[in-house]
Amino acid sequence: CNGTMSSSSRRSRRTAAVDDIEAASNDNDTNSSNPRLQAIRERSRAVAEREASRLARPEASLASHKLGHASKSKSAVSSTPFGQLMKTTTKSGGGTTNNNEAQEWCGPFSVARQMIAAREDARRLRLQQTEEGENDNKEHHPLDHVMEEARLEQQRKDNPSMNWISRRHRTDATNNSNYYVKRRKRFHKQKELMGIGGNSVPSLFRLCINYLVDNFEHVDSLGLVDHSIRVALCERLVAQGKMNGAAFDVLAEEGVETLELVDCAQVTQDQFCDAIKVLIPIGLRAILLQHCGRCFGGQAVKTIVDMKSDDIQLFALSLSGAYLLSDDDLARLIGATSHSLTSIDLTACPLVGPQFCNAIGQHYASSFDDVTHCLLELSLEDIPLKKEALLSLGAASDALRNLKSLK
């Protein structure tokens with residue numbers, strides 16, 4: 001019974017397959033007789049061939065392979081990343097010329113290649129223009145620089161953003177002369193030196209300075225370091241309140257050519273005199289002191305005046321806040337150092353008076369025996385000099401004949 005049922009089921013399946021083949025044959029005959037269905041089939045086959053060839057060989061151009069029986073306007077736009085490969089046309093002058101380079105698809109590697117090619121083309125164009133400019137032997141007008149400045153000024157007017165300057169880099173003369181602005185800048189600088197506030201990352205130099213200052217009690221000598229490093233250490237020591245006598249001995253060690261201290265409030269006059277007794281004979285060239293009212297007075301002047309003239313090679317003297325320095329002592333100091341001193345800077349020295357002006361007029365005059373005396377820089381700020389003293393300084397002699405800077 002089971003064998004009879006299986007054989008009957010096989011015969012039924014065979015009969016169904018034959019019926020399907022006959023139905024398909026009838027459909028093909030019907031479609032072949034219908035021209036509209038035939039056109040749709042041909043067009044679908046053309047679209048399939050075109051897409052298959054493009055996906056298989058995306059670098060090949062399809063302009064030479066045209067299908068007359070297929071219309072691109074009737075086919076769907078491809079969404080594949082390869083895009084349409086077609087020849088581009090560029091207009092030059094009044095005509096249109098074909099470009100042999102095929103437009104690539106908008107993938108990341110293709111965009112990168114296009115950017116590199118455009119950069120190389122721009123570089124070649126710049127080199128070509130540079131060579132043409134070098135080969136150009138035309139004469140330049142003397143007012144070309146003025147015309148360039150006028151062009152830049154016009155650009156700044158058209159583009160106001162070009163006039164923007166960062167707050168950190170602004171150097172306005174009116175703001176610098178404002179006392180409040182000076183105090184604010186000094187306060188921010190002191191906070192920066194103390195490590196309070198500030199949103200900038202410290203440099204390697206600043207980190208090293210901070211490490212040395214934190215362990216400065218263990219420093220016996222700085223050795224042959226640059227002058228700027230000593231100034232940075234002094235500023236950091238003052239900001240942290242560590243500028244004492246021991247720190248002064250380290251900064252004013254033997255061998256320095258410039259003694260610059262931003263705050264001498266903790267340095268005694270005896271300690272300063274002991275230091276300059278050693279430093280001046282072995283080559284000290286400049287003394288730059290701020291807040292030196294305690295350490296620079298009559299005793300320091302006597303120490304310098306009592307030295308031999310050949311041992312004194314000071315060319316710069318800058319004193320700020322020397323309230324103990326009298327007019328007579330400063331006049332004697334000018335007389336002892338005038339053979340080498342070319343720069344004088346005095347700030348907030350209340351006892352300086354007309355004798356200082358007379359000393360400059362006497363020792364820097366051209367009628368003086370030593371013709372090497374030459375004053376190049378003179379700066380006086382917050383000095384109680386009367387108008388008559390200043391006029392006598394300029395009219396009594398030609399001491400200011402070689403002056404390059406006067407403030």
Side-chain angles (χ1 to χ4, degrees), residues 165-171 175-176 181-296 300 313-322 343 345 347 379:
I165 301 175
S166 175
R167 182 181 299 176
R168 185 174 296 179
H169 298 89
R170 290 177 184 172
T171 56
N175 291 337
N176 291 336
V181 174
K182 290 182 178 180
R183 287 186 58 187
R184 185 175 60 183
K185 289 183 177 179
R186 186 164 58 247
F187 174 71
H188 289 311
K189 186 176 182 180
Q190 184 177 5
K191 287 181 61 178
E192 182 180 355
L193 291 173
M194 295 178 63
I196 303 175
N199 53 0
S200 59
V201 178
S203 62
L204 180 59
F205 175 78
R206 181 57 57 186
L207 292 175
C208 295
I209 293 295
N210 294 342
Y211 181 80
L212 284 175
V213 171
D214 293 340
N215 302 275
F216 206 76
E217 61 273 9
H218 305 292
V219 178
D220 296 331
S221 176
L222 295 177
L224 299 177
V225 298
D226 189 66
H227 168 67
S228 60
I229 299 178
R230 295 180 184 272
V231 175
L233 286 172
C234 184
E235 290 177 350
R236 187 65 177 174
L237 288 169
V238 172
Q240 292 192 0
K242 295 184 178 182
M243 186 58 195
N244 48 23
F248 171 77
D249 293 337
V250 175
L251 295 174
E253 59 184 350
E254 297 182 8
V256 297
E257 294 185 352
T258 302
L259 181 60
E260 182 175 0
L261 303 175
V262 298
D263 193 345
C264 307
Q266 301 298 326
V267 181
T268 62
Q269 191 165 190
D270 294 335
Q271 188 178 13
F272 182 78
C273 293
D274 294 339
I276 60 176
K277 283 181 182 179
V278 179
L279 295 178
I280 291 180
I282 62 177
L284 183 65
R285 303 294 308 279
I287 297 178
L288 311 175
L289 305 177
Q290 297 183 18
H291 306 285
C292 60
R294 183 183 181 188
C295 67
F296 201 94
Q313 299 296 327
L314 293 175
F315 77 92
L317 178 64
S318 177
L319 303 175
S320 175
S343 177
D345 183 8
T347 303
S379 177

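Bear in mind the structure is a predicted one, so any value in this text is a computation, not a measurement.
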Can a donor-acceptor pair be found, under 3.5 Å and without considering hydrogens, that links the side chain of Arg294 to the backbone of Gln269? no

Inter-residue atom distance Arg285.CZ - Leu279.CG, 0.5 Å rounding: 14.0 Å

Is the backbone N or O of Leu251 less than 3.5 Å from a side-chain atom of Arg230, with the two atoms forming a donor-acceptor pair by type? yes

How many angstroms lie between atom CZ of Phe296 and atom SG of Cys264, to the nearest 0.5 angstrom? 10.5 Å

Give a yes or no answer on whether the side chain of Gln271 reaches the backbone of Gly245 with a donor-acceptor pair at less than 3.5 Å. yes

To check you understand the geometry: which heavy-atom pair defines the closest contact between Leu284 and Thr258, and what is its length? CD1-N, 4.0 Å

As an exercise, state the distance from CD1 of Ile287 to CG of Leu261, rounded to the nearest 0.5 Å. 10.0 Å

Modelled atom types, side-chain donor and acceptor of Ser228 and Asp226, under 3.5 Å: yes

Nearest 0.5 Å, what's the CG-OG1 distance between Asp274 and Thr268? 8.0 Å

When rounded to the nearest 0.5 Å, the distance separating OG of Ser379 from CG of Asp345 is 4.0 Å

So, do Phe272 and Leu259 sit near enough that their side-chain heavy atoms are less than 4.5 Å apart? yes

Between Thr347 and Gln290, is any pair of side-chain heavy atoms under 4.5 Å apart? no

Passes side chain to side chain contact (heavy atoms under 4.5 Å, CB included), Leu289 versus Val267? Steps please. CA-CA 11 Å; Leu289 305 177; Val267 181; over 6 Å; no

Donor-acceptor pair, distance only, cut-off 3.5 Å: does the side chain of Glu253 make one with the backbone of Gly223? yes

Spacing of CD belonging to Glu260 relative to NE2 belonging to His227, to within rounding of 0.5 Å: 4.0 Å

Work out which heavy atom in Val262 is nearest to a heavy atom in His291; give both atom names and the distance. O-CD2, 3.5 Å

Backbone N or O of Ala247 within a donor-acceptor pair of the Lys242 side chain at under 3.5 Å? no

Are Ile229 and Ile209 close enough that some pair of their side-chain heavy atoms sits under 4.5 Å apart? yes

Side chains of Tyr211 and Leu207 in contact at under 4.5 Å (non-hydrogen atoms): no

